[in-house]
S.K.: 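The structure's right below; bear with me while I get my questions together.
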Amino acid sequence: MRIGVLGLQGDYEEHIYLLKKAMGKKGVSGEVIPVKDRSVLRRLSGIVIPGGESTVIGRLIERSGMTEELREMISQGLPTLGTCAGAILMAKRVRDRVVGEVTQPLLSVMSIGVVRNAFGRQRESFETEVDVEGVGRIRAVFIRAPAIVEIWGNARSLSSIEAPDLGRISILAVEGNMIASAFHPEISGETALHEMFIDIIKK
Ligand code: GLN
């Protein structure tokens, strides 16, 4: 398999490292490549959209002319894992905890609604253990993370936590070929979500 990691901005190097580790663990052969332009898109078996700054990544996706093609490929079944900013870019509904309505460019492919920067100033960054359905307990790093506050259609939540103001919110959702995570498995070094992603590719 050939997995691409969108390499325009954000922590894509960490994803490349962890994907290779997850492939090794699962005994899967293949390569992991950074995706910087359209040229490789059609040859991918799956794509990861990393954490970073969703406004910046969204603009860079547009500038590189990938928006339509990526949206179409993901909608037609390309396995996709988005973490943090990546999950924001995948969501069909996005608002910001402070400013509300956002106008940033999005891929809008997944039936989830997210609130950007949902955890407020005191808890901008934190690390905790979370329970993930089908996986068990893993360490999760949250950095100015979004909360998944709406899930509809075929999407469903695999993990949730208590958030200040918002109550119980989802932090991990799946829908067919797509996984959206509010936290960063690539930073805590957890391969569980990458393994789940590889399983989707293998199907
Ligand atoms: N707050 C960032 C955003 O809205 C996401 C942060 C992250 O990816 N760590 O894009």
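Atoms within each ligand, like the ligands themselves, are counted from 1 in listed order. For reference, positions follow the sequence shown, starting with 1. Computed from a prediction, not measured in an experiment: that's the story for all the values here.
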S.K.: Does the side chain of S160 pick up a donor-acceptor pair with the side chain of R168 at under 3.5 Å?
M.R.: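 Yes - a donor-acceptor pair under 3.5 Å links their side chains.
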S.K.: For H184, is at least one N or O under 3.5 Å away from an N or O on ligand 1?
M.R.: yes
S.K.: Provide, to 0.1 Å, the distance between atom 7 (C) of ligand 1 and the closest protein heavy atom, together with that atom's residue and name.
M.R.: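 Looking only at protein heavy atoms, the one closest to atom 7 (C) of ligand 1 is C84 SG, 2.8 Å.
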S.K.: Same cluster or not: are V32 and L70 linked, directly or through other Ile, Leu, Val, Met, Phe, Trp or Tyr residues, by side-chain heavy atoms under 4.5 angstrom apart?
M.R.: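 Result: no, two separate clusters.
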S.K.: Got a second to check how far E31's CD is from I3's CD1, nearest 0.5 Å?
M.R.: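 Here the interatomic distance stands at 10.0 Å.
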S.K.: If you define the side chain from C-beta out and look only at heavy atoms, does anything of K26 sit under 4.5 Å from H194?
M.R.: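 Heavy-atom side-chain distance check fails, nothing below 4.5 Å.
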S.K.: With nothing but distance in play, are any N or O atoms of I88 less than 3.5 Å from an N or O of ligand 1?
M.R.: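 The answer is no, given that I88 and ligand 1 share no N or O pair closer than 3.5 Å.
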S.K.: Tell me whether the count of non-hydrogen atoms from other residues, nucleotides or ligands lying under 6.0 Å of CZ in R139 goes above 12.
M.R.: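 For R139, atom CZ is crowded (more than 12 foreign heavy atoms under 6.0 Å).
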S.K.: Does ligand 1 have a heavy atom under 4.0 Å from the side chain of I57, from its backbone, from both, or from neither?
M.R.: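 No part of I57 comes within reach of ligand 1.
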S.K.: Classify the contact between N117 and ligand 1 as side chain, backbone, both or neither, using a heavy-atom distance cut-off of under 4.0 Å.
M.R.: side chain
S.K.: From the options G52, P146, G51, select the one whose nearest heavy atom is closest to atom 5 (C) of ligand 1.
M.R.: G52
S.K.: Taking 4.0 angstrom as the limit and counting only heavy atoms of E53, give me the atoms of ligand 1 inside it, by number and element.
M.R.: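 In order of number, 2 (C), 3 (C), 10 (O).
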S.K.: Would you mind checking which non-hydrogen protein atom is closest to atom 4 (O) of ligand 1, with the distance to 0.1 Å?
M.R.: R116 NE, 2.6 Å
S.K.: Answer with yes or no whether the side chains of K25 and T191 bring together a donor and an acceptor at under 3.5 Å.
M.R.: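 Checked: T191/K25 side chains pair up, N/O donor to acceptor below 3.5 Å.
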S.K.: Among all protein non-hydrogen atoms, which one is nearest to atom 10 (O) of ligand 1, and what is the separation to 0.1 Å?
M.R.: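 Its nearest protein heavy-atom neighbour is S54 N, 2.5 Å.
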S.K.: Using a distance-only test with no angle check, is there a side-chain donor-acceptor pair under 3.5 angstrom linking T55 and E53?
M.R.: yes
S.K.: With backbone taken as N, CA, C and O and side chain as the heavy atoms from C-beta onward, which portion of R144 lies under 4.0 Å from ligand 1: side chain, backbone, both, or neither?
M.R.: both
